[in-house]
Amino acid sequence: MDLLSSLNPKQAEAVTTTDGPLLVLAGAGSGKTRVITVRIAYLIAKKSVAPHNILAVTFTNKAAGEMRDRVQALLAGQKLSSLPLIATFHSLCVRILRQDIERLDEGYTRAFTIYDTDDSLKVIKACIKDLGFDEKQIVPRMVRAAISAAKNRGEDVEVFASSVDRSNEKYAAYARVFELYEERLGRANALDFDDLLIKTVRLLRRSPEVREKYNERFQYILVDEYQDTNPLQLALTRYLTEKQKNICVVGDDAQSIYGFRQADIRNILEFEKHFPDAKVILLEQNYRSTQTILDAAHSVIKNNLDQKKKKLWTERSGGDRIKYFQARDSDDEGRFVAAKIEDHRRRDASKRIAVLYRTNAQSRVFEEALRRSRIDYNIVGGFSFYERAEVKDIVAYLKLAVNPADNIALLRVINTPARGIGRSTIELLEQSARQSGTSLWEVVKAVTDSAAREPSILQPRARAAVASFRKTVEGLQKKLEPSTTTDRPVSEVVISAIEDSGYADMLRSENSEESLGRLENLEELVNAAAEYDRTPETGLREFIDHAALTSDSDKFDSNAGVTLMTVHSAKGLEFPIVFIVGLEDGVFPHARSVNDARELEEERRLAYVAITRAENLLYVSHSMRRRVYGEEMAAEPSQFLNELPLELIDDLSRGPSWLTYASATTGSARRKSSEGTPDSSEGEPARSRNVYTGKTYNSADAIEEFFRRRESGATNDTSVNGARLGGDDDATPAQGRRGNYAPTTSLKGVEAIEPGSYVQHSKYGRGLVLRREGKGESSKLTISFPGYGMKKLVEKYANLQKA
DNA sequence: AAGTAAATTTTTTTT
DNA sequence: AAATTTACTT
């Protein structure tokens with residue numbers, strides 16, 4: 001079979017340029033995955049490269065899995081001596097570290113445990129407590145974020161501590177927590193997600209032999225979604241390709257959406273600097289979307305200043321117009337989406353549909369609406385299998401058996417199921433561990449040792465309970481000994497963790513619907529473990545690693561009719577029909593992105609990613625009211641809606657909408673001046689001047705208009721769901737929170753400015769308050785000003801009037 | 001020690 | 001609104 005026949009000249013060039021550094025700038029839908037997979041097949045089939053000399057790196061298991069499938073399909077029928085390694089950055093690092101971490105001489109052994117975000121947080125909480133800091137002042141989640149960010153920039157504790165401003169108490173505290181955290185992880189023989197990368201990079205840097213070994217092993221390296229790499233991942237890539245230089249990276253700077261994980265867009269923009277003599281190939285033909293959709297995407301992304309200029313084109317001129325809907329509240333939006341999906345399903349059930357939202361929390365409304373309409377759907381993200389408590393419990397038993405120093409795992413299961421080991425007993429054990437400087441497991445052994453000379457620190461009852469726990473874990477450890485011969489090495493240990501611990505009995509005796517569901521989940525876990533029984537090279541350790549690294553959207557079913565997911569997890573996917581929902585200021589773009597212009601640009605790239613998922617038809621919608629923390633609030637349309645080409649949009653709203661007003665004012669100086677200042681410092685209100693002028697929309701006007709119409713009988717609504725317009729209690733968004741009998745007042749006795757209320761600003765006019773941070777006059781307000789986007793203002797200086 | 005009621009917090013986005 | 005943490009019983 002001719003591998004190249006299905007490629008355009010540019011794609012073919014990207015495939016056949018096998019040697020030396022190569023950057024493929026691949027726009028959305030330009031056949032990026034195609035290029036990578038064909039390239040791998042080409043290396044094997046045409047260049048006679050041994051498959052195991054090829055490494056392809058992705059960010060998600062989902063992407064890795066899909067790539068594996070497609071390469072396999074391309075090479076079907078050929079006998080392969082080995083397989084190419086297609087891995088995520090993290091799983092690649094685990095592989096390397098499981099082999100060579102001992103050469104690092106930091107006390108880590110190959111039996112190391114991986115701590116997930118949850119585990120890390122628990123360690124950090126304990127560190128904060130033991131250092132005598134107050135959790136209110138030194139917020140564990142913030143510390144975790146700061147540590148993770150530092151690690152991904154490639155900083156270790158020392159660098160972090162020395163770069164920190166010592167006069168800043170908070171950061172000085174962070175540095176001390178960081179230090180203790182590292183110490184405790186080391187003692188527990190545990191690595192957090194970021195450590196996987198940082199230790200691997202350190203190992204490669206320090207050990208020329210290890211570097212040599214992997215340069216030798218991986219003759220050809222490919223990196224997918226290169227725009228999402230962070231400094232650590234860049235360093236890793238450079239070390240791995242130091243010698244052979246056969247590095248091919250594929251990505252699109254317009255789709256860089258992981259800045260929050262320290263991804264640095266400069267990695268792709270400056271590839272040629274990092275890898276001299278690099279060749280660059282641009283893929284600009286889009287095979288996915290209609291011209292209308294590309295126009296919409298381009299119209300949004302062009303508001304970003306910081307990007308490589310390229311423009312996608314397609315042979316699919318024209319196409320259906322974009323559909324727009326303004327919902328009354330989020331239930332209304334849910335009903336609209338469900339009704340439209342029902343329509344489409346009836347007409348052509350083969351067309352796959354995606355509902356994309358900014359945050360996972362938004363999924364619920366759509367799930368409920370779809371369920372009510374009896375439409376099957378598939379949801380990606382949210383709670384994954386391995387995040388369920390019962391699964392984590394059993395995995396903790398397994399982790400403990402493999403690595404007894406894992407204190408977090410021990411604390412998780414020492415009293416699960418309940419054995420009568422309570423808070424005070426655990427406190428005693430921890431105290432003893434601190435004193436002797438050993439792990440909790442060592443203490444457990446010591447206090448239950450019948451030959452001990454000193455009297456045990458525990459009462460007989462507690463001591464018996466701890467002894468029983470010890471017996472359970474030791475029973476598991478026995479099963480791990482090499483001498484134990486069985487044909488189901490992994491799943492039998494898992495079964496015994498479930499049964500011998502008493503966990504199964506606990507669930508069985510509870511005998512509720514929920515506990516039975518949990519039992520089923522554990523059966524699932526055994527099934528998953530059974531996969532690892534088949535080959536001798538995959539054992540319990542690999543299974544545990546899998547559980548740690550498989551958290552996300554792994555279970556995406558590419559054949560599902562309707563899929564709900566975040567825009568982030570939709571990256572790399574395509575659907576004939578796409579709904580982008582919740583297009584409101586504060587939601588999308590997210591309220592937290594007001595902090596600086598760079599973050600807002602990332603939100604815009606996110607919008608770009610969302611739009612370019614669509615092949616044929618794109619729906620955009622927003623709601624006028626939304627629940628935030630259980631409280632109903634007014635919402636303003638997203639500034640990104642304003643950046644769409646309005647002339648390409650059909651309005652499906654009942655009655656007048658934002659679009660009605662926006663279109664009416666189009667033609668005047670519509671969003672001309674966009675001199676954003678991307679690098680300006682933080683905290684300044686006047687900073688993000690990404691202003692679109694001319695068109696302002698005031699929701700109060702719209703509501704008034706609604707009522708005028710309703711009174712004259714013009715909105716006899718018989719549309720989609722027959723929802724009643726302008727219900728009694730949500731008539732005016734400006735009215736603010738419901739059920740607030742005694743409005744909060746400031747010291748002066750004036751009504752306080754609360755989220756959900758409207759204010760008047762001298763320059764930006766009327767705006768909706770989205771968030772309030774801090775107390776009193778110096779608190780910061782995040783406000784959505786229609787026509788100007790979101791601003792973060794300090795109440796004291798902004799001179800705001802209630803409106 | 002364990003269970004319940006009350007108070008408090010939570011929302012980016014993911015390996 | 002839901003989930004998590006704390007305070008208070010038994």
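Letters A, B, ... mirror the listed sequences (proteins, then strands); counts begin at 1.
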Residue [X], side-chain atoms from C-beta onward, closest of [options]:
X        : options               : value
A:Arg261 : B:dT11, B:dT14, C:dA1 : B:dT14
A:Asn415 : B:dT14, B:dA2, B:dA1  : B:dA2
A:Arg141 : B:dT10, C:dT5, B:dT14 : B:dT10

**Request:** Specify the residue among A:Glu368 and A:Arg423 whose closest nucleotide of DNA chain C lies further upstream toward the 5′ end.
**Result:** A:Glu368

Using a heavy-atom cut-off of under 4.0 Å over every strand shown, decide if [X] touches base, sugar-phosphate, or nothing.
X        : value
A:Thr117 : base
A:Ala418 : sugar-phosphate
A:Phe89  : nothing

**Request:** Indicate whether A:Phe260 forms a stack on B:dT13; treat it as stacked only if centroid distance is below 5.5 angstrom and interplanar angle below 30 degrees.
**Result:** yes

**Request:** Indicate whether A:Tyr629 forms a stack on B:dT10; treat it as stacked only if centroid distance is below 5.5 angstrom and interplanar angle below 30 degrees.
**Result:** yes

**Message:** On DNA chain B, does the nearest nucleotide to A:Ala462 precede the nearest nucleotide to A:Ile257 from the 5' side, or the other way round? Give the residue.
**Reply:** A:Ala462

**Message:** Reading DNA chain B from 5' onward, which residue's closest nucleotide shows up sooner: A:Arg461 or A:Ser91?
**Reply:** A:Arg461

Could you give the [atom1]-to-[atom2] distance, from [X] to [N], as a whole number of Å?
X        : N      : atom1 : atom2 : value
A:Leu429 : B:dA1  : CG    : P     : 11 Å
A:Tyr386 : B:dT14 : OH    : P     : 19 Å
A:Met565 : B:dT13 : CE    : C1'   : 14 Å
A:Leu356 : B:dT13 : CG    : P     : 14 Å
A:Glu135 : B:dT8  : CD    : C1'   : 13 Å
A:Lys129 : C:dT6  : NZ    : C1'   : 13 Å
A:Gln262 : B:dT14 : CD    : P     : 16 Å
A:Asn360 : C:dA2  : CG    : P     : 16 Å

For [X] and [Y], I'd like to know if the aromatic rings sit close, meaning centre-to-centre distance below 6.0 Å.
X        : Y        : result
A:Phe588 : A:His622 : no
A:Phe59  : A:His90  : no
A:Tyr357 : A:His568 : no

Is a salt bridge present between [X] and [Y], judged by a nitrogen-to-oxygen distance below 4.0 Å?
X        : Y        : result
A:Lys151 : A:Asp192 : yes
A:Arg98  : A:Asp545 : yes
A:Lys392 : A:Asp116 : yes

Distance check: side-chain N/O of [X] vs OP1/OP2 of [N], anything under 4.0 Å?
X        : N      : answer
A:Asn61  : B:dT14 : no
A:Ser569 : B:dT13 : no
A:Lys571 : B:dT13 : no
A:Arg419 : B:dA1  : no
A:Thr60  : B:dT14 : no
A:Thr425 : B:dA1  : yes

**Message:** Under 4.0 Å, heavy atom to any atom of DNA chain B: which of residues 143-152 of chain A qualify?
**Reply:** none

**Asked** Can a cation-pi geometry be assigned to A:Arg605 and A:Tyr608, taking NZ or CZ under 6.0 Å from the six-membered ring centre and within 45° of the ring axis?
**Response** no

**Request:** For B:dT13 versus C:dT4, give the span between their P atoms, rounded off to a whole number of Å.
**Result:** 15 Å

**Message:** Could you check whether A:Glu333 and A:Ser623, counting side-chain N and O atoms only, form a donor-acceptor pair closer than 3.5 Å?
**Reply:** no

**Asked** Regarding A:Thr359 and A:Gln362, is there a side-chain donor-to-acceptor distance under 3.5 Å anywhere?
**Response** yes

